Amino acid sequence: MSEGVETVGLDTPPRLAVDRLLDDRETRIIVCCGAGGVGKTTTAAALGVRAAGRGRKAVVLTIDPARRLAQSMGIDSLDNTPRRVEVAGEDGGELHAMMLDMKRTFDEIVEAHADAERARAILANPFYQSLSAGFAGTQEYMAMEKLGQLRARDDWDLIIVDTPPSRSALDFLDAPKRLGSFLDGKFIRVLMAPAKVGGRAGMKFLNVGMSMMTGTLSKLMGASLLKDVQTFVAAMDTMFGGFRTRADATFRLLQAPGTAFLVVAAPEPDALREAAYFVERLAEERMPLAGLVLNRVHASGADQLSAERALAAAENLEEGGIVDQESGKAGLRDTAAEPPGADDDTTAVDRITAGLLRLHAERMQVIAREQRTRDRFTSLHPEVAVTEVAALPGDVHDLAGLRAIGERLAAGVPAGA
């Protein structure tokens, strides 16, 4: 049995032992992945706080545009530089946090791998500025670049990555390959050719081979676009291989034994369907999956009262009937024996009680629906360890809230269960 997993029973999925995973010094990278809006950022931050409290020197890399992580950690702002978070840690535990600046990370790559004159030309190029700020997949690629940079520094013994809020959880794994394919693709190679040929001959080659495309691009984006692209390609020519090399190196790092993936999902069909895709993709890529964090799970402290019984009791009260507790038989209230005014008070109490019973019935129906959804996932992936985190009444906005989430992650069961 691998680290961070505890067996429970034949009909129950193995429990994800979060503290065991955090305490394992061989674990150097934890990647929190999953669909958007399922609580990846909060999970990553809570893991960082708990890891630091247990003696790890941890850094949390987030890609969250809402900047909630900085607020919850008591920091005015996060940027591309790791900042110390004041948390109480055992045995020298520390926590740093940072938020990926996609363009700044791209700029750092250019500055590190090109001479000063070439770097200035690239950074000033309009096409580069557009590419570095919003090209599809750039954010995911730069997240992996930054992960590689943090790992190379060796200042922390645990790096926790909050993956970008992409349309698909798989974008994090696919983006480096997509960007590498773009930089190595036929379009770029064709654009390189005139620069390598040089002079009028090069421009003649370009005009003959790409007349239709350039006309279309000029109409769509302006006549200067092609020139900007060609200038960018000429300046970046020597760097294209480096992008591919670093992407491959980081991909291998994600496959290494010291890495653990946590798939974060809500107990909803779409989120768990995305989680299932990711689990299968990780297996295909031979990447180490630690388990599933099932976030925002509902529970009840009165689950012995079923939804059906609660609804029946509510209807009984609303119709004026009661259950005779002494005889065990249902009957009508004897209003003749009640004092004046008691009927109004009793009606109000009955109405409130019926409303509470209906709320409880709705909660039990939600719990049953979430359980069925989870059971479908675990039947398809019985080997995946699971920990459940209770739904909170509000957003997490401070360190105390992150500690509470960390405790629930470690406990592995929702509150009230």
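Along the sequence shown, residues carry numbers from 1. This one's a predicted model, so the numbers in the text were calculated from it and none came from an experiment.
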Task: Worked verdict on Leu292 versus Thr378 for side chain to side chain contact (heavy atoms under 4.5 Å, CB included) - done: CA-CA 10 Å; Leu292 172 75; Thr378 56; over 6 Å; no
Task: Arg50 vs Asp19, side chain to side chain contact (heavy atoms under 4.5 Å, CB included): CA-CA, chis, key distance, verdict - done: CA-CA 8 Å; Arg50 191 163 184 85; Asp19 282 348; 2.6 Å; yes
TODO: Mind running salt bridge (Lys or Arg N to Asp or Glu O under 4.0 Å) on Asp248 and Arg252 for me, showing each step along the way?
DONE: CA-CA 6 Å; Asp248 290 345; Arg252 289 193 299 272; 5.2 Å; no
TODO: Could you walk me through whether Thr387 and Leu294 pass side chain to side chain contact (heavy atoms under 4.5 Å, CB included), step by step?
DONE: CA-CA 6 Å; Thr387 187; Leu294 198 57; over 6 Å; no
Task: Intermediate values then yes/no, side chain to side chain contact (heavy atoms under 4.5 Å, CB included), Leu289 and Val384 - done: CA-CA 8 Å; Leu289 172 64; Val384 177; 4.0 Å; yes
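Counting only heavy atoms from C-beta outward, the side chains of Ile159 and Arg151 approach each other to under 4.5 Å. With a 4.5 Å cut-off on side-chain heavy atoms, Phe106 and Glu145 do not count as touching. Using a 4.5 Å heavy-atom threshold, the side chains of Arg376 and Leu380 count as separate. A 4.5 Å side-chain heavy-atom check between Val293 and Leu409 finds at least one atom pair inside the cut-off. You'll find the side chain of Glu280 reaches within 4.5 Å of the side chain of His381, heavy atoms only. Side chains of Leu100 and Asn80 form a contact here, defined as non-hydrogen atoms less than 4.5 Å apart. Taking 4.5 Å as the limit, every side-chain heavy atom of Leu47 sits out of range of all side-chain heavy atoms of Ile405. Counting heavy atoms from C-beta on, the side chains of Val263 and Cys33 come closer than 4.5 Å.
For the atom pair Met142 CE and Asp101 CG, the distance stands at 11.0 Å (nearest 0.5 Å). Taking CD from Glu370 and CZ from Arg296, the interatomic distance works out to 11.5 Å, rounded to the nearest 0.5 Å. Between the CG atom in Leu357 and the CD atom in Glu362 there is a gap of 11.5 Å [rounded to 0.5 Å]. Distance check, rounded to the nearest 0.5 Å: CG of Leu262 to CG of Leu21 gives 6.0 Å. For the atom pair CD1 of Ile160 and CG of Leu150, the computed distance is 12.0 Å after rounding to the nearest 0.5 Å. The structure places OG1 of Thr43 at 11.5 Å from CD1 of Ile30, a figure rounded to the nearest 0.5 Å.
A donor-acceptor pair under 3.5 Å is absent between the side-chain atoms of Gln365 and the main chain of Ala307, judged by distance alone. Checking side-chain atoms of Arg363 against main-chain N and O of Ala299 turns up a donor-acceptor pair under 3.5 Å. Proximity of a side-chain donor or acceptor of Tyr277 to a complementary backbone N or O of Leu272 within less than 3.5 Å is not detected. Between the side chain of His360 and the main chain of Leu305, a donor-acceptor pair closer than 3.5 Å is present. Counting only distance, with no hydrogens or angles, the side chain of Lys40 and the backbone of Thr62 share no donor-acceptor pair below 3.5 Å. In this structure, Asn295 contributes its side chain and Ala266 its backbone to no donor-acceptor pair below 3.5 Å. Thr259 contributes no side-chain N or O that, together with a main-chain N or O of Gln255, makes up a donor-acceptor pair within less than 3.5 Å.
The number of heavy-atom neighbours closer than 6.0 Å to CD of Gln304, taken from other residues, nucleotides and ligands shown, is above 12.
A salt bridge links Asp154 with Arg28: the closest approach of a Lys/Arg side-chain nitrogen to an acidic carboxylate oxygen falls below 4.0 angstrom. The pair Arg408-Glu388 does not meet the salt-bridge criterion, since no charged nitrogen lies less than 4.0 angstrom from a carboxylate oxygen. The pair Arg281-Glu285 counts as a salt bridge, with a side-chain nitrogen and a carboxylate oxygen less than 4.0 angstrom apart. Between Arg273 and Asp270 there is a salt bridge, since at least one side-chain N of the basic residue sits less than 4.0 Å from a carboxylate O of the acidic one. The pair Arg56-Asp157 meets the salt-bridge criterion, with a side-chain N (NZ, NE, NH1 or NH2) lying under 4.0 Å from an Asp/Glu carboxylate O. Salt-bridge formation is detected for the pair Arg104/Glu111: a Lys NZ or Arg NE/NH1/NH2 atom is positioned less than 4.0 Å from an Asp or Glu carboxylate oxygen. A salt bridge is absent between Arg20 and Asp24: the closest approach of a Lys/Arg side-chain nitrogen to an acidic carboxylate oxygen does not fall below 4.0 angstrom. A salt bridge links Glu108 with Lys146: the closest approach of a Lys/Arg side-chain nitrogen to an acidic carboxylate oxygen falls below 4.0 angstrom.
Phe261 and Phe278 have tilted rings, their planes meeting at an angle from 30° to 60° on a 0 to 90° scale.
Closest heavy-atom contact between Trp156 and Lys57: CB-O, 3.3 Å. Here the closest non-hydrogen pair linking Pro14 and Glu383 is CG-O, 3.8 Å. The two residues Leu95 and Val60 have their closest heavy-atom pair at CD1-CG2, 3.9 Å. The shortest heavy-atom contact between Pro288 and Ala256 is CG-O, 3.6 Å. Here the shortest heavy-atom pairing between Arg25 and Gly55 reads NH2-O, 3.2 Å. Nearest heavy-atom pair, Val87 versus Ala52, reported as atom, atom and distance to 0.1 Å: CG2-CB, 3.8 Å.
Counting only N and O atoms by type, the side chains of Asn125 and Gln129 include no donor and acceptor under 3.5 Å apart.
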